[in-house]
Amino acid sequence: MITQITAVASTQAKRPVVRKSARDYLYIIRRNLFNSPVDTIVTLAISALLITYIPLILDWLYFSAVFSGATRAACNPSAACWIPIINFMDYYIYGPFPIDQRWRVDTSFVLGLLAFPLLFSQRMPQKIILMYIFLLPLVLWALLKGGVFLSDISTTALGGMTLTFFLGIIAMCLSLPVAIILALGRRSRLPIIRWVCSGYIELVRAVPVLTFLFMASLMLQLFLPGGVTIDVLFRILFVLVFVSAAYKAEIIRGAIQAIPSGQIEASYAMGCGYWKTMAYIVMPQALRNSVPALITNFIGLFKETTLVMILGLLEVMGVVRATFENAEWIGMHVEGMVLVSFFFFAICFSIAQYGAHLERRIKRTKY
Amino acid sequence: MNTQLAVKLTGVDKWYGDFQALKNINLQVAKGETVVICGPSGSGKSTLIRTLNCLEGHDLGEICIDGVRISDNLKDVEKVRKSTGMVFQHFNLFPHMTVLDNCTFGLRHVRGLGVIESQEIARELLRKVQIADQESKYPGQLSGGQQQRVAIARALTLSPDIMLFDEPTSALDPEMISEVLEVMRDLSKAGMTMICVTHEMGFAKEFADRIVFMETGSIIEVSTPQEFFSAPKTERAKLFLKQILSH
């Protein structure tokens, strides 16, 4: 007996490998799906539903759907008709943007998408990534709205995915820094700063975004001196940034409060000042802890850009709906909404994936 | 002002609301001296040591560190904090930075040194506390004793004149206490001015120049280790020693 024990101790014990056989799989299926009569009924019912509907959905979406043709006559009334979607794709992407200036949209798409590999890369110094993120809104504005180096594009010429992308990226990039300042302000030791930030957050959180958007588009003009106008796009961005910043500020404040006070004390004890302590000790830890909540907020913000449709700006949902007001294609909203869903899903899912990547990366440095 | 004095407290009082945490504290610590502060829990030891680098403010009296009088002036606070290094009970290493980055942080962001120079200084100190081989690990990967040694190295990076230890071994497993005490012994031998709040009576006996015994916010006894351990002046200290040494 004793010799056996020493033998085990001396050779590194290996974790035994268990290979699952077909029998094991059958057992797992039976245990999980057919364990009781109720289980069996539920399993069968769900299977029946899936078997009936998945082929119907696929058939509608693809197999019986019509992809080419010129008029409505070419469509199959019992399946999707992708003809208008395909024909109007350019319009969906660029909106009414001047055709000879479309390279500007293409460039900004590329710049925006470039942020992704940059965010994912681990070798790139953080300073460069931060610089990129801060400059991106300015560059996008200059490219898509013009006015500085390039010719000015009227706000009505921005539409479709271009506008959604433009609003989404700029609002996302700018709202985080504003949120950080608000969160720190709400914890400030100076009462005035604390009251202003708290009051702002409470007010903005308690009023619907739509109200602010309407106010930005209608009411602001009442208070500005005659003749002065602020571009509606700017006003909308302002609302999107400052509303979502209030929510993010609360997420970040929660994360700051979760940081042990010893962290701040250790930094102060070394003679580090408030700002450096916040920038190097508190914020890196707080932002890491708030990644899941912040990513959810970013996704929500991106989808909130559809609200600008109410103010007459044709973002992606607006342009899609517009084509189905067209006499030829009237009433074919379903296909359009499938496209819009797909568009938003692709982008929001990518953001979520980035969040998951961040969480994995953070886990590696946390024990 | 006597330049040989590292720390001078005159009539220091501190309140937390209606609770008086420090009562008329008078204490002078000479340069190069090792002073151990002990006493039952809640006696104000930690509060006292935390007022010395302004982590806690005091309400009345005067505290001079290295000749600088502590006031509300941020410049003075910064000066005092730069001349003192602090080691905490729970280490308080920065979990999102490697051991090396923890030690270069102060050099880079407080002293404004470059990366390479700070790393050289930090590595030298990590070698001193015998943990140089762990420099690229994160604090969470180290044992408690190792973390506390890193924390001591980190506090030393800014070459402080005075080291403050706030129960540096209380959160450690018994087997790790000695490695931390060893580092503290080396420091004490090298002539560092040290003020330690600790229950390690062995360390106090061997290396303290003086022992300060506190109860309910007051210093009730200051004596040399020989006196303190063989013939404590107060009944309270006798009881404390009996309890702490018999367990």
Side-chain angles (χ1 to χ4, degrees), chain A residues 122-130 180 184 187-191 193 252 254-292 294 355 357-367, chain B residues 46 49-50 52-56 74-98 101-112 115 136-143 147 150-151 154-160 162-166 171:
Chain A
Q122 313 214 1
R123 299 232 181 84
M124 200 59 85
Q126 279 188 324
K127 271 188 189 152
I128 294 186
I129 299 178
L130 283 181
I180 291 175
L184 290 178
R187 289 174 48 83
S188 170
R189 282 201 302 174
L190 303 172
I193 295 180
I252 295 169
I256 294 176
Q257 272 161 355
I259 290 170
S261 59
Q263 291 289 311
I264 299 169
E265 283 173 4
S267 176
Y268 281 173
M270 280 196 281
C272 225
Y274 173 81
W275 289 108
K276 279 184 176 169
T277 301
M278 290 301 139
Y280 296 109
I281 306 300
V282 175
M283 273 308 155
Q285 295 187 56
L287 289 178
R288 276 162 210 231
N289 292 340
S290 47
V291 164
L294 282 179
H357 160 84
L358 266 185
E359 281 180 60
R360 277 194 299 274
R361 202 159 117 189
I362 290 161
K363 220 179 187 173
R364 252 178 276 146
T365 62
K366 212 173 175 185
Y367 292 87
Chain B
S46 286
I49 204 166
R50 287 159 62 88
L52 298 182
N53 67 352
C54 316
L55 284 182
E56 304 277 356
L74 269 178
K75 280 245 167 70
D76 288 344
V77 169
E78 234 166 71
K79 228 189 259 171
V80 166
R81 283 178 177 164
K82 276 179 201 169
S83 64
T84 53
M86 188 158 201
V87 176
F88 299 86
Q89 181 178 2
H90 296 289
F91 332 132
N92 296 353
L93 292 176
F94 306 130
H96 60 299
M97 297 181 185
T98 61
D101 290 343
N102 261 283
C103 293
T104 55
F105 177 76
L107 293 166
R108 291 179 58 194
H109 298 298
V110 179
R111 280 273 207 81
V115 180
S136 51
K137 286 196 180 169
Y138 286 91
Q141 290 168 286
L142 303 181
S143 73
Q147 290 193 46
V150 173
R154 181 178 70 175
L156 288 171
T157 52
L158 294 169
S159 36
I162 304 160
M163 283 289 283
L164 309 171
F165 292 84
D166 187 4

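Lettering of chains follows the sequences in order, A, B, ..., and the numbering in each one begins at 1.
For the pair B:His96 (side chain) and A:Ile362 (backbone), a donor-acceptor distance under 3.5 Å is absent. A distance-only check finds a donor-acceptor pair linking the side chain of A:Gln263 to the backbone of B:Leu93 [under 3.5 Å]. With hydrogens and angles disregarded, a donor-acceptor distance shorter than 3.5 Å links the side chain of B:Asn92 to the backbone of A:Gly262. With A:Ser267 contributing its side chain and A:Ile264 its backbone, the two residues share no donor-acceptor pair below 3.5 Å.
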Original post:
Passes side chain to side chain contact (heavy atoms under 4.5 Å, CB included), A:Ile281 versus A:Tyr268? Steps please.
Top reply: CA-CA 10 Å; A:Ile281 306 300; A:Tyr268 281 173; over 6 Å; no
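Highest contact tally toward chain A, considering only B:Lys82, B:Arg154, B:Met97, is held by B:Arg154 [criterion: heavy-atom pairs under 4.5 Å].
Residue B:Arg111 does not touch chain A at all, counting heavy-atom pairs closer than 4.5 Å. At a 4.5 Å heavy-atom cutoff, the contact between B:Phe94 and chain A is made by backbone and side-chain atoms alike. If you measure heavy-atom distances from B:Phe105 to chain A, the contacts under 4.5 Å come from the side chain alone. Proximity to chain A (any heavy atom under 4.5 Å) is shown, for B:His90, by neither the backbone nor the side chain. Looking at B:Leu74, neither its backbone nor its side chain comes within 4.5 Å of chain A, counting heavy atoms on both sides.
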